[in-house]
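One structure is given here, and the rest of the page talks about it.
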Amino acid sequence: MTDKFIRHFVSAIGFLIALFIFVAGYISGTHGWWWVIISSGVVYFIVYKLVDAGH
């Protein structure tokens, strides 16, 4: 794989993640699901701890 391909691949994945987060937030907002932001924060900290588990 070339450096250019990896840059495009990472950019595309980042864009898709951002798009998914936007759509999920929009749907949650229209339904009044305020608890989604709290659960998102909890999931973030769990993943953060799991990623740091190797050190």
Side-chain angles (χ1 to χ4, degrees):
M1 283 191 257
T2 64
D3 188 42
K4 189 175 183 179
F5 172 78
I6 293 172
R7 288 178 68 193
H8 281 288
F9 182 73
V10 170
S11 296
I13 295 298
F15 171 75
L16 290 174
I17 290 170
L19 183 65
F20 177 74
I21 290 170
F22 174 78
V23 171
Y26 182 80
I27 291 171
S28 298
T30 58
H31 287 87
W33 295 341
W34 55 268
W35 50 268
V36 172
I37 191 65
I38 295 171
S39 61
S40 297
V42 170
V43 169
Y44 171 81
F45 284 114
I46 290 172
V47 171
Y48 181 78
K49 289 294 184 181
L50 288 174
V51 170
D52 194 37
H55 291 104

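- Scored by the side chain to side chain contact (heavy atoms under 4.5 Å, CB included) test, S11 finds no partners at all (sequence neighbours excluded).
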In a table with atom names and distances, give each donor-acceptor pair under 3.5 Å that connects a side chain of residues 18-35 to protein atoms at least two apart or in another chain.
residue	atom	partner	partner atom	Å
S28	OG	A24	O	2.8
T30	OG1	Y26	O	3.4
T30	OG1	I27	O	2.9
H31	ND1	I27	O	2.9

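- Residues passing the side chain to side chain contact (heavy atoms under 4.5 Å, CB included) test with I13, sequence neighbours excluded: F9, I17.
- Residues forming a side chain to side chain contact (heavy atoms under 4.5 Å, CB included) with I46 (at least two apart in sequence, or on another chain): V42, L50.
- Evaluation of the side chain to side chain contact (heavy atoms under 4.5 Å, CB included) rule for V47 yields V43, V51 as partners, not counting sequence neighbours.
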